[in-house]
Amino acid sequence: MTIYWERDLEVLSMLSEVEIKHYQDEGYVIPDYQLPHAVVEGMREELERLLDRNPQLTADSLFVPHAPKNNSQGMNASNPEKWLDFACHRDILEMVADLIGEDIILWGTTVFGKPAHTGKATPWHQDGQYWPIRPLASCTAWIAIDEVDTGNGCMRVVPGSHKGSSVLKHHTNQSSELTLNQELDADQFDEDAGVDIILKPGQLSLHDINIVHGSRNNTSHRRRAGYVLRFMPATSLFDRDLGAHLGAKSGVVDFTQRALFLVRGQDRAGNDLNIGHPSL
């Protein structure tokens, strides 16, 4: 499916040269930008609806609320069109285009609703360990719905750990206290070099597919909700055969039926843009 959002000719770049260089050098950036209050309130309202309709699911990780069908969690999506609209906000796409180019596919979204008192930790990992994109390339936009800080378990990243474009060795950790079962071997990175990603509602961070990142659990009295968008350059292939293996390994996601949305430019890698979408 295609959503045509061509570059606004009046906007030469949403990100400054300094911000783009920071992303390239450090693997992440927090832009000097905040989504409009009304957009954030809309996300908050849709999240409440999503939680109300899915009491059987943990609020920690709610996968692909924008998907029109085939949700592997059995989630009853409250309003996938609204979640898709949030993901395709023009300003966000402009920022992503500054980092990965004009040809962009939205291939995934997740709501991390890390609840107060019981919110789970996410182990140190690289996303490239379990994403079926070849060549590996993706930019994640992490949008704060709530106030996000060290007290309620903000994301942490290891600056510069994306360099070399290599996936480090991971092992499987099946702890029920974690949101993800893929964990980096501790001797491959410097945890003390981690930087806390502190965001106000409507702020976002952008990070590279290979940066080492994770988060602590949330023992505070405040929820830490964020809406996370996964964009890939349309010069890469979303490999569904590989996705079948990686999805089975995770035990949660189904990449074989994942709906892809061409949100900018052209698909240049022969991606299937029909799978996962309702028949017309």
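No hydrogens, no waters, no symmetry mates; every other heavy atom, side chains included, goes into these values. All figures in this text were calculated on a predicted structure; none of them were measured in a lab.
One finds the CD1 atom of Ile275 at 6.0 Å from the CD atom of Gln257 (value rounded to the nearest 0.5 Å). With rounding to the nearest 0.5 angstrom, the CG atom of Leu50 is 13.5 Å from the CD atom of Glu45. To the nearest 0.5 Å, atom CD1 of residue Ile133 and atom CG of residue Asn271 are 9.0 Å apart. Between Asp254 atom CG and Gln73 atom CD the span is 11.5 Å, to the nearest 0.5 Å. Put simply, OG on Ser161 and CH2 on Trp124 are 8.5 Å apart, with the number rounded to the nearest 0.5 Å. Note that CG of Asp272 and CG of Asp267 are 9.5 Å apart. Values are rounded to the nearest 0.5 Å.
Between Asp146 and Arg223 there is a salt bridge, with a side-chain nitrogen of the basic residue lying less than 4.0 Å from a carboxylate oxygen of the acidic one. Ion pair Asp103/Arg268 flagged as a salt bridge, since at least one NZ, NE, NH1 or NH2 atom sits closer than 4.0 Å to an Asp/Glu carboxylate oxygen.
Residues Arg224 and Ser215 form a side-chain contact, since some pair of their non-hydrogen atoms from C-beta on lies under 4.5 Å apart. The closest side-chain heavy-atom distance from Asp127 to Ser138 is not below 4.5 Å. Side chains of Met14 and Pro31 form no contact here, defined as non-hydrogen atoms less than 4.5 Å apart. Put simply, the side chain of Val39 reaches to within 4.5 Å of the side chain of His89, judged on heavy atoms. A heavy-atom distance below 4.5 Å is not found between the side chains of Ile211 and Val158. Between Ile92 and Ile143 there is a side-chain heavy-atom pair separated by less than 4.5 Å. Between Asn210 and Val167 the shortest side-chain heavy-atom distance falls below 4.5 Å. Between Val253 and Phe63, the closest side-chain pair of non-hydrogen atoms falls below 4.5 Å.
Under the 4.5 Å side-chain contact rule for hydrophobic residues, Ile100 and Val157 do not share a cluster. Under a hydrophobic-cluster definition in which Ile, Leu, Val, Met, Phe, Trp and Tyr are linked whenever side-chain heavy atoms come within less than 4.5 Å, directly or via other members, Leu229 and Val263 are assigned to the same cluster. Leu106 and Leu35 fall within the same hydrophobic cluster, where Ile, Leu, Val, Met, Phe, Trp and Tyr residues are linked whenever their side-chain heavy atoms come under 4.5 Å apart, directly or through other members. Under the 4.5 Å side-chain contact rule for hydrophobic residues, Leu15 and Tyr33 share a cluster. Taking hydrophobic clusters as Ile, Leu, Val, Met, Phe, Trp and Tyr residues chained together by side-chain heavy-atom distances below 4.5 Å, Ile209 does not share a cluster with Leu184.
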**Message:** Apply side chain to side chain contact (heavy atoms under 4.5 Å, CB included) to residues Phe238 and Ile105 and explain how you reach the verdict.
**Reply:** CA-CA 10 Å; Phe238 193 82; Ile105 289 173; over 6 Å; no
**Message:** Please evaluate residues Ile20 and Gln24 with respect to the criterion side chain to side chain contact (heavy atoms under 4.5 Å, CB included), reporting the C-alpha separation (whole Å), side-chain torsions for both, the decisive distance (0.1 Å), and the verdict.
**Reply:** CA-CA 6 Å; Ile20 293 171; Gln24 293 170 343; 3.6 Å; yes
**Asked** Which is it for Val148 and Ile197 under the side chain to side chain contact (heavy atoms under 4.5 Å, CB included) test, yes or no, and what are the steps along the way?
**Response** CA-CA 8 Å; Val148 174; Ile197 305 298; over 6 Å; no
**Request:** List the steps, then state whether side chain to side chain contact (heavy atoms under 4.5 Å, CB included) holds for Met75 with Leu57.
**Result:** CA-CA 8 Å; Met75 184 172 67; Leu57 297 180; 3.7 Å; yes
**Prompt:** Should Asp60 and Thr58 be marked as a side-chain hydrogen bond (donor to acceptor under 3.5 Å, both in side chains) after you check the CA-CA gap, both sets of side-chain angles, and the distance that decides it?
**Reply:** CA-CA 5 Å; Asp60 279 288; Thr58 173; 3.1 Å; yes
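In this view, His162 satisfies the ring pair (Phe, Tyr, Trp, His ring centres under 6.0 Å) rule with no residue, not counting sequence neighbours. Partners of Arg49 according to the salt bridge (Lys or Arg N to Asp or Glu O under 4.0 Å) rule, which considers only residues two or more places apart in sequence or in another chain, are Glu46.
Heavy-atom minimum distance, Asn152 versus Lys114: O-CD, 3.7 Å. Here the closest non-hydrogen pair linking Pro132 and Leu242 is CA-CD2, 3.9 Å. Taking both residues in full, the closest heavy atoms of Leu180 and Pro123 are given as O-CG, 3.5 Å, listed atom of the first, atom of the second, then distance. Minimum heavy-atom separation, Ala144 to Leu199: CB-CB, 3.7 Å. Of all heavy-atom pairs between Leu47 and Ala225, the closest is CD2-CB, 3.6 Å. Of all the heavy atoms in Pro68 and Gly276, the pair that sits closest is CG-O, 3.4 Å.
Side-chain rings of Phe261 and His66 approach one another, their centers coming within less than 6.0 Å. Checked against the 6.0 Å centroid criterion, the rings of His213 and Tyr28 do not qualify as a close aromatic pair. You'll find the ring centres of Trp83 and Tyr227 inside the 6.0 Å limit. Aromatic pair Trp107/Phe231: ring centres not closer than 6.0 Å.
When atom types are taken as modelled, the side chain of Ser13 and the backbone of Ser16 share no donor-acceptor pair closer than 3.5 angstrom. A donor-acceptor contact shorter than 3.5 Å is absent between the side chain of Glu147 and the backbone of Pro201. A side-chain donor-acceptor contact under 3.5 Å links Gln126 to the backbone of Leu168. Using modelled atom types, no side-chain atom of Thr110 and backbone atom of Phe112 make a donor-acceptor pair closer than 3.5 Å. Panel note: side chain Gln129, backbone Gln182; no donor-acceptor pair is recorded below 3.5 Å.
Side-chain contact, Asn218 with His117: no donor N or O sits under 3.5 Å from an acceptor N or O. Using modelled atom types, one finds no donor on one side chain facing an acceptor on the other under 3.5 Å when comparing Arg240 with Thr256. A donor and an acceptor atom, one from each side chain of Thr172 and Asn181, are nowhere located under 3.5 Å apart. Ser61 and Thr179 share no donor-acceptor pair across their side chains, judged by distance under 3.5 Å alone. Using a 3.5 Å distance cut-off with no hydrogens or angles, the side chains of His171 and Glu183 do pair a donor with an acceptor. In the model, Gln34 has no side-chain atom that pairs as donor or acceptor with a side-chain atom of Gln203 under 3.5 Å.
Surrounding CD of Gln56 are more than 12 heavy atoms belonging to other residues, nucleotides or ligands, all under 6.0 Å away. By the neighbour-count criterion of 12 heavy atoms within 6.0 Å, atom CG of Asn76 is densely surrounded, having more than that number from other residues, nucleotides or ligands.
Evaluation of the salt bridge (charged side-chain N to carboxylate O under 4.0 Å, His left out) test over residues 149-160, restricted to residues two or more places apart or in two chains, returns Asp149-Arg222, Arg156-Asp196.
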